[in-house]
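One structure is given below, encoded as C-alpha cells.
Just so you know, these numbers use all the heavy atoms, side chains as well, and skip hydrogens, waters and symmetry mates. Letters go in sequence order (proteins before strands), and every chain restarts at 1.
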Number of protein chains: 2
Amino acid sequence: MRDVAELAGVALTTVSRAFSDPGKLAPETLRRIESASANLNYTVNLNARSLRRRSSDAVLVLLPDIANPFFSLVLKGIEEAARESGRVLLVGDTGSDATLGDSYAGQLEARTVDALILLDGRLPFRPGSPARARLLRSPVVAVSERVAEAGVPYVGIDNVAAARDVAHLLADLGHRRVAHIGGPAGNSLTQEREIGFSAGACERALWLGGMVTGDFSIRSGRDTAAVILSWPDRPTAVFAANDEMAFGAIHAFKAAGLRVPEDMSVVGFDDIAFSEIHDPALTTVRQPRRAMGRTAMAVAAAQIEGTPLPASTVILAHELVLRASAGQAPSAANAKRKRVAFERAPF
Amino acid sequence: MRDVAELAGVALTTVSRAFSDPGKLAPETLRRIESASANLNYTVNLNARSLRRRSSDAVLVLLPDIANPFFSLVLKGIEEAARESGRVLLVGDTGSDATLGDSYAGQLEARTVDALILLDGRLPFRPGSPARARLLRSPVVAVSERVAEAGVPYVGIDNVAAARDVAHLLADLGHRRVAHIGGPAGNSLTQEREIGFSAGACERALWLGGMVTGDFSIRSGRDTAAVILSWPDRPTAVFAANDEMAFGAIHAFKAAGLRVPEDMSVVGFDDIAFSEIHDPALTTVRQPRRAMGRTAMAVAAAQIEGTPLPASTVILAHELVLRASAGQAPSAANAKRKRVAFERAPF
DNA sequence: CGAAACAATGAAACCGTTTTCATTGGCGGT
DNA sequence: ACCGCCAATGAAAACGGTTTCATTGTTTCG
C-alpha cells in the first residue's frame with residue numbers, strides 16, 4: 001500500500017480510503033490511485049483489514065452433515081445471501097461428534113468470523129459456561145432445528161402445523177388407522193412433528209396406531225416400517241418425519257408385497273430433490289430450504305450490523321406437495337374415487 | 001495477550017510462545033500462562049496471527065453447485081481432512097456465473113486462504129492474465145474435473161477406463177446396440193467418458209447408435225431419452241454420463257411403456273446415495289468421492305507446506321456397481337419391439 | 001466581509017500477533 | 001577456572017491495514 005501511495009503521489013491514508021470509502025476522494029485522486037494499484041497488482045490484505053476493523057465479513061455455518069441433501073440446499077441459500085452481502089462462508093461438519101462444534105465455534109472468539117449459523121440444533125459449549133455466555137452475546141442464528149437455549153433467533157417453518165396438515169390430508173383420503181415414524185428423540189423437529197401429527201389425528205378422529213423412532217436415515221425407515229408391518233392392526237398410512245425414512249419405508253412395504261399407495265400410503269417431510277423422481281413420487285411437506293438459508297443469513301447480517309431484528313423467530317411457509325405415494329385408503333377406495341390434485345409432471 | 005503476560009508475570013513474547021510453540025517453555029511457566037489465560041478468557045486472535053505469519057490455515061473450495069449430491073460428498077471429504085490438519089474451509093458456489101470464481105479467488109491474493117480446491121474445472125482469471133499467472137504459482141488443485149491449464153495437480157478417477165468398463169459390461173450382457181447420453185460439451189468429464197465408452201464399444205463391436213448431449217440434470221436425461229426413443233434403430237442399452245441423467249432417462253423410458261431393464265438397460269455414473277434406492281436400483285460407476293476430497297486436501301496441504309508432491313496427478317480406483325437397471329439384452333427371438341407411447345410427449 | 005462549515009488530504013497511533021536478536025544463567029568438558 | 005553451548009526468556013521490530021485528529025484551502029451564509 002505504501003508503494004501504491006508513493007506511485008500515486010498521495011499519502012498511505014488516501015490509498016486506504018480509495019479501497020474502503022472511495023466516495024470520499026476527489027475523482028482525479030481516485031483515478032490515479034486505481035491506476036497505480038493496477039500497475040503494482042495491489043490487493044488489500046484482508047487479514048490486516050479484519051485485524052483493525054475487528055470484523056471479518058465471514059460467517060461460520062455448522063451442520064451435522066454436508067452431504068445430506070436437506071442441509072446442502074439450505075447451505076446454498078446461505079451462500080447466495082452471504083455472497084450478495086459481500087461476505088464469505090466457512091463451513092463445519094460437526095457430524096456426530098459433540099465437541100467439534102466447540103472447536104469450530106472458537107473461530108468466533110478468534111475473530112475469524114462475525115456470526116454463527118447453526119443447522120444442527122447444538123449450541124456449542126457447555127450450558128452455563130462462560131464461553132457459552134459469550135457465545136450468546138455474539139451473532140448466532142438457528143435454522144431448521146431449534147436450540148435449547150432461549151434468546152437465539154430461529155428461522156424455520158411451523159413444523160407442528162405442517163405435521164397437522166399431513167394428518168388432515170390422510171383423513172381426507174379416507175384413512176382411519178395411521179402411524180408415525182419419528183426422528184431421533186430429543187430432536188426439536190421430531191417433537192414438533194409428533195405433536196402436530198397426533199394433534200391433527202386427534203382432531204379428525206384418526207386412530208394413531210403408534211409412533212416408532214428412527215434416525216432420519218433410509219435404513220431406519222426400512223427397519224421401523226418392518227416393525228409397523230408386524231402390528232396386529234396394521235395402519236393404512238404412514239407419516240415419516242423426513243423423506244429418507246419415507247423412502248426406506250416404501251422400500252420395506254414393497255418388499256413385503258404391499259403396493260404403495262394402493263395398499264399403504266406414505267408421506268414424507270422435506271421434499272428433497274429425489275422425492276419427485278422416486279417411484280412412487282413422494283407426497284411430502286416442502287420446506288423452503290433455500291429461502292430458509294437466505295433468511296438465516298439476513299438475520300445473521302442484522303445481528304452483525306446491530307440492526308434490530310424484525311422478529312427473533314422467522315417462520316416461513318411450508319407447502320403440502322401431493323404426489324403419488326399417498327392415495328385413498330383401501331377401504332374407501334371403492335366408495336368414492338375422489339382424486340387428489342396431483343402436481344404436474346415432475347421435472 | 002499483554003494482560004495475560006502481566007498476570008502470569010512473563011513477557012508478551014513468552015505468552016505468544018505458549019500458544020504457538022509450547023514445547024519451548026519451562027513447564028512451570030507454561031502452567032502459569034495457561035492458568036492466567038483461562039482466568040482472562042483469552043483466545044488468540046487469528047487475524048493477527050495470519051497477518052504476521054502470512055498464512056491463514058484456511059482453504060477455499062470452489063464448486064458449481066453445493067446442493068448437488070456428487071459435490072457435497074466430495075466436500076465432506078475435504079472438510080474432514082481439513083479439520084484433521086487444523087485447517088478451516090471456505091466454500092464458494094460459482095454456479096453458472098463465470099466471474100464468480102474470479103472474485104472468490106481474490107481471497108487467495110488477499111491472503112485469507114492458503115490454497116484453492118477447484119471442483120468446477122474453471123480456473124479463475126483470464127488465461128494469460130497476470131492474475132492467472134500468480135494463481136498458478138499458488139497452491140491449487142483440481143478435483144474430479146480437470147482444468148485446461150497444464151501444471152495444476154489433479155485428483156480423480158480414470159474416467160476413460162470407467163466408461164470403457166461400462167461398454168464392456170453392456171457387451172457382456174448381450175447388448176449390440178447402445179447409446180450414450182453425454183454431459184455438456186467442453187467438460188473434461190464428458191469428453192473422457194465419451195472417449196472411453198466409444199473405445200469400449202468399438203473393442204467389443206457394439207454399434208454405438210449415437211451420442212446425445214445433456215447437462216447432467218434429471219430433466220436433460222428425460223429429454224434426451226425421448227430423442228433416443230425416436231430413433232429408427234432403437235438401442236437396447238443407454239449409458240448416461242451421470243446418475244441424475246440416468247434417472248431422468250429411466251423415467252422417460254417407463255413413461256413410454258418400456259420396462260427397465262427388461263426392455264431397456266440403463267447405466268449411470270457416480271453412484272450417488274439415491275442410486276441404490278431408486279427403482280430399479282441403478283447400475284453405475286462408483287467414484288470414491290470422499291476419498292477424492294480427502295486426497296485433494298492432502299495435495300493442497302503438500303503444496304502449502306512446500307512438500308514435494310508424490311505425483312501431480314492422483315488417480316483413485318473406481319468401481320462398477322452392478323444393480324438392477326442393467327440386464328440381459330432382450331433376446332432377438334423375444335424382440336418383438338415394444339411400441340413406445342408418446343402420450344406424455346415432452347415437447 | 002467575516003465566521004463557520006466543508007471537502008480533501010495527511011500524520012500518527014493502533015489492531016494483536018510472530019519472530020529476530022539479545023541476554024541471562026546453568027552446565028559439561030577440558 | 002575458562003570456554004562454548006544451550007535452554008529459557010525478553011525487547012523491539014515488523015505484518016498491512018484503518019481511523020482519529022489535525023491541517024489545509026473553499027464555499028456558504030448571515
Exercise. Over all heavy atoms of both residues, which pair between B:V140 and B:Q303 is shortest? Give the atoms and the distance, please.
Key: O-NE2, 2.8 Å
Practice problem: Please determine if a side-chain N or O atom of B:T29 lies less than 4.0 Å away from the OP1 or OP2 oxygen of D:dT9. | Solution: yes
Practice problem: Take B:G9 and A:F19, find for each the nucleotide of DNA chain D with the closest heavy atom, and name the residue whose nucleotide sits nearer the 5' end. | Solution: B:G9
Self-check item: Residue-phosphate contact under 4.0 Å: B:R54 side-chain N/O, D:dC15 OP1/OP2
Solution: no
Self-check item: Sequence-distant partners of A:E6, side-chain contact (heavy atoms from CB on, under 4.5 Å), two or more places apart
Solution: none
Quiz item: For B:N45 and C:dT18, what is the distance between atoms CG and P respectively, to the nearest whole Å?
Solution: 10 Å
Quiz item: If you check the B:L51 side chain, which of C:dA11, D:dG16, C:dT17 turns out closest?
Solution: D:dG16
Self-check item: 5' precedence on DNA chain C between A:T13 and A:K24 (nearest-nucleotide basis)
Solution: A:K24
Quiz item: Under 4.0 Å: is that the gap between some side-chain N or O of A:R52 and OP1 or OP2 of C:dC14?
Solution: no
Quiz item: Rounded to whole angstrom units, what separation is found between the CG atom of B:D21 and the C1' atom of D:dT9?
Solution: 13 Å
Exercise. May I ask you to decide whether B:R83 forms a salt bridge with B:E80, counting only side-chain N to carboxylate O separations under 4.0 Å?
Key: no
Exercise. Starting from the C-alpha separation in whole Å, work towards a yes-or-no answer on salt bridge (Lys or Arg N to Asp or Glu O under 4.0 Å) for B:K76 and A:D65.
Key: CA-CA 8 Å; B:K76 186 160 182 139; A:D65 182 11; 2.6 Å; yes
Self-check item: Which nucleotide in C:dT17, D:dC15, D:dT19 has an atom nearest any side-chain atom of B:S16
Solution: C:dT17
Quiz item: B:I33 CD1 to D:dT9 P: how many Å, rounded?
Solution: 8 Å
Quiz prompt | Check: B:R111 side chain, D:dG17 base, donor-acceptor under 3.5 Å | solution = no
